[in-house]
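Just so we're on the same page: letters track the sequence lines, and every chain starts at 1.
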Number of protein chains: 2
Amino acid sequence: MVVRNAIGLSDDEVNRIFRALADSTRRDIVRRTLGREASVSELAGAYDMSFAAVQKHVAVLEGAGLVTKHPNGRERIVRGNPDAIGRAQGLLDRYEQIWRSRIDRLDDLLAETDE
Amino acid sequence: MVVRNAIGLSDDEVNRIFRALADSTRRDIVRRTLGREASVSELAGAYDMSFAAVQKHVAVLEGAGLVTKHPNGRERIVRGNPDAIGRAQGLLDRYEQIWRSRIDRLDDLLAETDE
DNA sequence: CTAACGTGCAACCATATGGTTGTACGTAAC
DNA sequence: GTTACGTACAACCATATGGTTGCACGTTAG
């Protein structure tokens, strides 16, 4: 059985999401395609690297669910997926909650000391 | 000159933050040490891998600013750093903003069509 | 003082990652 | 129909990553 967290993502899916975001080129592709969809070759033209390299970056993003690819004639249209961003935010939110609960426990300790 | 984004982090710093979060063991260390600080060997005892491996994971997290390490006798106390989590959230917020601004532009288009 | 503990670090290994070039193939344009 | 375009994919390479073991060294306990 695959372990899933509260957000409904497996550990592996979370790994892929953060891994995909850990590269400047890929973050830029997400930014671009969230604002306005683009074909793979259109994206490739924007970076100083081979078409195949950009193609790989898009594949990594697609594997993480951060973008989707839709065939359109001979082109593949890439669109940023805001849902995946939301899921990543949800993950970070949980860390903040843990931190807050720690603060609460510290407050409890102080309250006890006051008694 | 190092390029910095609106959050005040260089591209490289952002890479390190997401890279550090792209590993289940490291995310677990962050969770643990956000809730309650722990020594490196205490952490090492919690995972089925060598002390050195855990030590490396802590080093990666420290390099990303996600945890801090404080000497205490012969131990090193590891604490999760909630500020770094907040910065990562700030980054994802910007993506959401881009998405929203896209929606706004689409709304504008529709509004024009309605006229 | 000596033994045990906690840590840091180097060397090593297998695999993953990020890039390249080259080839093949469907689609569009002429 | 032929040519050019957009994409996919394989092979290859250098480097990064995630793990190991072994050793050195400061600190604490007996």
Side-chain angles (χ1 to χ4, degrees), chain A residues 3 10-33 36-80, chain B residues 3 10-33 36-80:
Chain A
V3 180
S10 73
D11 254 24
D12 219 63
E13 288 168 323
V14 178
N15 289 352
R16 278 201 295 272
I17 290 176
F18 284 127
R19 187 102 205 37
L21 288 172
D23 179 283
S24 316
T25 304
R26 287 198 289 262
R27 284 196 301 278
D28 198 64
I29 291 176
V30 170
R31 255 179 251 128
R32 264 173 211 273
T33 58
R36 178 180 165 284
E37 60 186 26
S39 71
V40 179
S41 59
E42 216 172 325
L43 289 171
Y47 307 101
D48 187 27
M49 65 182 75
S50 70
F51 176 87
V54 174
Q55 206 178 17
K56 278 194 189 181
H57 281 308
V58 172
V60 170
L61 289 168
E62 199 184 7
L66 286 163
V67 304
T68 54
K69 234 173 6 172
H70 307 88
N72 184 300
R74 63 183 167 186
E75 295 185 331
R76 300 300 139 99
I77 302 303
V78 182
R79 280 186 219 150
Chain B
V3 181
S10 72
D11 254 24
D12 219 64
E13 288 167 324
V14 178
N15 289 352
R16 278 200 296 271
I17 290 176
F18 284 127
R19 187 108 209 23
L21 289 172
D23 180 282
S24 316
T25 303
R26 286 198 291 263
R27 284 196 302 278
D28 197 64
I29 292 175
V30 171
R31 254 179 252 128
R32 263 173 211 273
T33 57
R36 176 179 166 286
E37 61 187 24
S39 71
V40 180
S41 58
E42 216 172 324
L43 290 171
Y47 308 101
D48 187 27
M49 66 182 75
S50 70
F51 176 87
V54 174
Q55 207 179 17
K56 278 194 189 181
H57 282 308
V58 172
V60 170
L61 289 168
E62 198 184 6
L66 285 164
V67 305
T68 55
K69 233 174 4 175
H70 309 278
N72 183 300
R74 65 183 166 186
E75 296 186 329
R76 299 303 137 98
I77 302 302
V78 182
R79 279 186 218 151

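- Put simply, A:Gln55 has a side-chain N or O that comes within less than 4.0 Å of OP1 or OP2 on D:dA8.
- Considering every non-hydrogen atom in both B:Val40 and B:Val54, the closest pair reads O-CG1, 4.4 Å.
- Atom CD in B:Glu62 sits roughly 10 Å away from atom P in C:dC9 (whole-Å rounding).
- Residue order along DNA chain C, read from the 5' end via each residue's closest nucleotide, puts A:Thr25 first among A:Thr25 and A:Asn72.
- Residue B:Glu42 contributes atom CD, which lies 16 Å from atom P of C:dC5 at whole-angstrom precision.
- As a whole-Å value, the separation of B:Arg27 CZ from D:dG18 P is 12 Å.
- Closest to the side chain of B:Arg26, from the set D:dG18, C:dG8, D:dG19, is D:dG18.
- A donor-acceptor pair under 3.5 Å links the side-chain atoms of B:Glu13 to the main chain of B:Ser10, judged by distance alone.
- A donor-acceptor contact shorter than 3.5 Å is absent between the side chain of A:Arg79 and the backbone of A:His70.
- The nucleotide whose nearest atom lies closest to any side-chain atom of B:Ser50 is, among C:dT7, D:dT20, D:dG6, D:dT20.
- Between B:Arg76 and C:dG6, a side-chain N or O to OP1/OP2 separation shorter than 4.0 Å is absent.
- Closest approach of A:Asp28 to A:Tyr47, counting heavy atoms only: OD2-OH, 2.6 Å.
- B:Ala52 comes within contact range of at least one nucleobase, with a heavy-atom separation under 4.0 Å.
- Salt bridge status for B:Glu42 with B:Arg36: present, with a side-chain N to carboxylate O gap under 4.0 Å.
- Between the B:Arg26 side chain and the B:Ala20 main chain, a donor and an acceptor come within less than 3.5 Å of each other.
- Checking C:dC9, D:dG6, D:dG19 against the side-chain heavy atoms of B:Ala53 singles out D:dG19 as nearest.
- The CD-C1' distance, from A:Glu75 to D:dA8, rounds to 15 Å in whole Å.
- Between the CZ atom of A:Phe51 and the P atom of D:dA8 there is a distance of 7 Å, given to the nearest Å.
- Residue A:Asp12 contributes atom CG, which lies 13 Å from atom P of D:dG18 at whole-angstrom precision.
- The rotation axes computed at either terminus of the helix from C:dC1-D:dG30 to C:dC30-D:dG1 lie 30° apart, taking five pairs at each end and rounding to 10 degrees.
- Taking atom CE of residue A:Met49 and atom C1' of nucleotide C:dT17, one finds them 13 Å apart after rounding to whole Å.
- Not counting sequence neighbours, the partners of B:Arg27 by the side-chain contact (heavy atoms from CB on, under 4.5 Å) test are A:Asp11, A:Val14, A:Asn15, A:Phe18, A:Tyr95, B:Leu21, B:Ser24, B:Arg31.
- Residue B:Arg19 places its side chain closer to D:dT17 than to any other of C:dG18, D:dT7, D:dT17.
- For the pair B:Leu43 CG and C:dC5 C1', the computed distance is 16 Å after rounding to whole Å.
- One finds no side-chain N or O of B:Ser41 lying less than 4.0 angstrom from the OP1 or OP2 phosphate oxygen of C:dC5.
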Using side chain to side chain contact (heavy atoms under 4.5 Å, CB included), reason through B:Val58 and B:Arg76 one step at a time and then give a plain yes or no.
CA-CA 11 Å; B:Val58 172; B:Arg76 299 303 137 98; over 6 Å; no

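- Closest to the side chain of B:Asp23, from the set C:dG19, D:dT27, D:dG18, is D:dG18.
- Comparing B:Lys56 and B:Val40 along DNA chain C, the residue whose closest nucleotide (by nearest heavy atom) sits nearer the 5' end is B:Val40.
- Between C:dG8 and B:Lys69, a contact under 4.0 Å exists linking OP1 or OP2 to a side-chain N or O.
- Here D:dT27 is the nucleotide among D:dG18, D:dT27, C:dT7 with the atom lying nearest to any side-chain atom of B:Arg74.
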